[in-house]
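Take a look at the structure below.
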Amino acid sequence: MAGYLTTHVLDTAQGCPAAGLKIELFKLEVSGRTHVRTLVTNSDGRTDEKILPEAEFEVGEYELVFHAGAYLDASGAPVEAPRFLDVIPLRFGMSEATHYHVPLLLSPFGYSTYRGS
């Protein structure tokens with residue numbers, strides 16, 4: 001099986017998918033981090049394409065950066081300055097060529113993640 005990476009962002013405060021949320025993927029290496037791609041979630045809170053498709057998959061350490069503050073501003077969440085959550089970086093490792101799914105459950109004052117399926 002070839003490896004690949006997907007995500008799904010759910011707005012737990014509003015009880016719906018987080019549409020229009022910008023996500024960046026970086027590969028982490030000793031020399032620093034390298035930008036791999038930037039995508040935006042669709043109406044289902046998913047990206048239209050895999051964040052890291054099979055053809056580009058490599059085992060290693062990665063970082064997903066979720067631009068939650070801009071999403072929360074656009075979604076009508078109560079305004080605060082500065083936002084409690086703005087940019088959420090998630091660092092994780094992928095050690096084998098399989099499907100990795102890293103979802104984000106988001107609200108204005110908290111988030112959680114896990115290795116999904």
Side-chain angles (χ1 to χ4, degrees):
M1 175 178 198
Y4 62 97
L5 173 65
T6 60
T7 191
H8 189 194
V9 185
L10 298 172
D11 183 331
T12 58
Q14 296 189 50
C16 63
L21 192 145
K22 182 173 111 175
I23 304 169
E24 296 175 291
L25 175 66
F26 295 89
K27 184 157 182 15
L28 305 176
E29 300 173 291
V30 174
S31 60
R33 66 184 201 161
T34 303
H35 180 262
V36 177
R37 98 179 358 92
T38 300
L39 298 167
V40 176
T41 57
N42 60 25
S43 62
D44 191 36
R46 302 175 188 274
T47 56
D48 288 333
E49 53 192 78
K50 295 171 184 160
I51 293 178
L52 188 60
E54 293 92 337
E56 298 173 36
F57 182 87
E58 295 179 11
V59 297
E61 295 182 30
Y62 290 85
E63 179 179 62
L64 281 170
V65 178
F66 296 88
H67 291 265
Y71 163 78
L72 292 166
D73 289 344
S75 73
V79 177
E80 35 167 13
R83 279 224 169 262
F84 178 70
L85 293 175
D86 185 17
V87 176
I88 301 171
L90 295 179
R91 290 189 171 189
F92 57 96
M94 296 190 292
S95 60
E96 59 183 312
T98 189
H99 177 200
Y100 286 84
H101 184 68
V102 181
L104 184 75
L105 305 177
L106 174 66
S107 79
F109 301 106
Y111 68 90
S112 65
T113 189
Y114 55 93
R115 182 176 172 181
S117 58

Contact check, side chains of [X] and [Y], non-hydrogen atoms, under 4.5 Å:
X      : Y     : value
Val36  : Glu56 : yes
Arg115 : Phe92 : no
Leu21  : Val40 : no
Phe109 : Pro78 : no

Problem - Residues Tyr62, Val102; criterion side-chain contact (heavy atoms from CB on, under 4.5 Å); working and verdict - result: CA-CA 11 Å; Tyr62 290 85; Val102 181; over 6 Å; no
So how far is it from [X] [atom1] to [Y] [atom2], rounded to the nearest 0.5 Å?
X     : Y      : atom1 : atom2 : result
Glu80 : Asp73  : CD    : CG    : 9.0 Å
Thr38 : His67  : OG1   : NE2   : 7.0 Å
Glu24 : Lys22  : CD    : NZ    : 4.5 Å
Leu64 : Thr113 : CG    : OG1   : 8.0 Å

Can you hop from [X] to [Y] via hydrophobic side chains spaced under 4.5 Å?
X      : Y     : result
Tyr114 : Ile88 : no
Val59  : Leu25 : yes
Leu104 : Phe26 : no
Leu5   : Phe57 : yes

Using modelled atom types and a 3.5 Å cut-off, is there a donor and acceptor pairing between side-chain atoms of [X] and backbone atoms of [Y]?
X     : Y     : result
Arg37 : Ile51 : yes
Thr47 : Leu39 : no
Thr41 : Ala18 : yes

| said: Using side-chain contact (heavy atoms from CB on, under 4.5 Å), reason through Arg33 and Val65 one step at a time and then give a plain yes or no. | reply: CA-CA 12 Å; Arg33 66 184 201 161; Val65 178; 4.1 Å; yes
Indicate the atoms forming the closest heavy-atom contact of [X] with [Y], along with that distance.
X      : Y      : result
Pro103 : Gly116 : CD-N, 4.1 Å
Asp11  : Ala13  : OD1-N, 3.1 Å
Ser43  : Ala19  : CA-CB, 3.8 Å
Leu72  : Leu85  : CD1-O, 4.1 Å
Arg83  : Ala77  : NH2-O, 3.4 Å

Parallel, tilted or perpendicular: rings of Tyr4 and His99 (30°, 60°):
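Judged by the thresholds at 30° and 60°, the geometry between His99 and Tyr4 is parallel.
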* To do: May I have the step-by-step check of side-chain contact (heavy atoms from CB on, under 4.5 Å) for Phe66 and Val87, ending in yes or no?
  => CA-CA 6 Å; Phe66 296 88; Val87 176; over 6 Å; no
Against Glu63, only a single residue in Arg91, Lys27, His35 fulfils side chain to side chain donor-acceptor pair (under 3.5 Å); can you say which?
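Running side chain to side chain donor-acceptor pair (under 3.5 Å) over Arg91, Lys27, His35 with Glu63 returns exactly one hit, Arg91.
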Would you say that more than 12 heavy atoms from the other residues, nucleotides or ligands in this model lie under 6.0 Å from the CZ of Phe84, or not?
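No, CZ of Phe84 has 12 or fewer neighbouring heavy atoms, counting only those of other groups under 6.0 Å.
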**CD/Gln14: more than 12 non-hydrogen atoms of other groups inside 6.0 Å** =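 More than 12 heavy atoms, drawn from other residues, nucleotides or ligands, come within 6.0 Å of this atom.
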Candidates Leu105, Thr12, Leu90 - the one meeting side-chain contact (heavy atoms from CB on, under 4.5 Å) with Tyr111: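 Going through the options one by one, the only one that passes is Leu90.
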>> The test is side-chain contact (heavy atoms from CB on, under 4.5 Å); show your working for Leu52 and Lys50 and say whether it passes.
In response: CA-CA 5 Å; Leu52 188 60; Lys50 295 171 184 160; over 6 Å; no
### Message
I'd like to know if the side chain of His101 pairs up with that of Thr6 as donor and acceptor (distance under 3.5 Å, no hydrogens or angles considered).
### Response
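His101 vs Thr6: donor-acceptor pair found between side chains.
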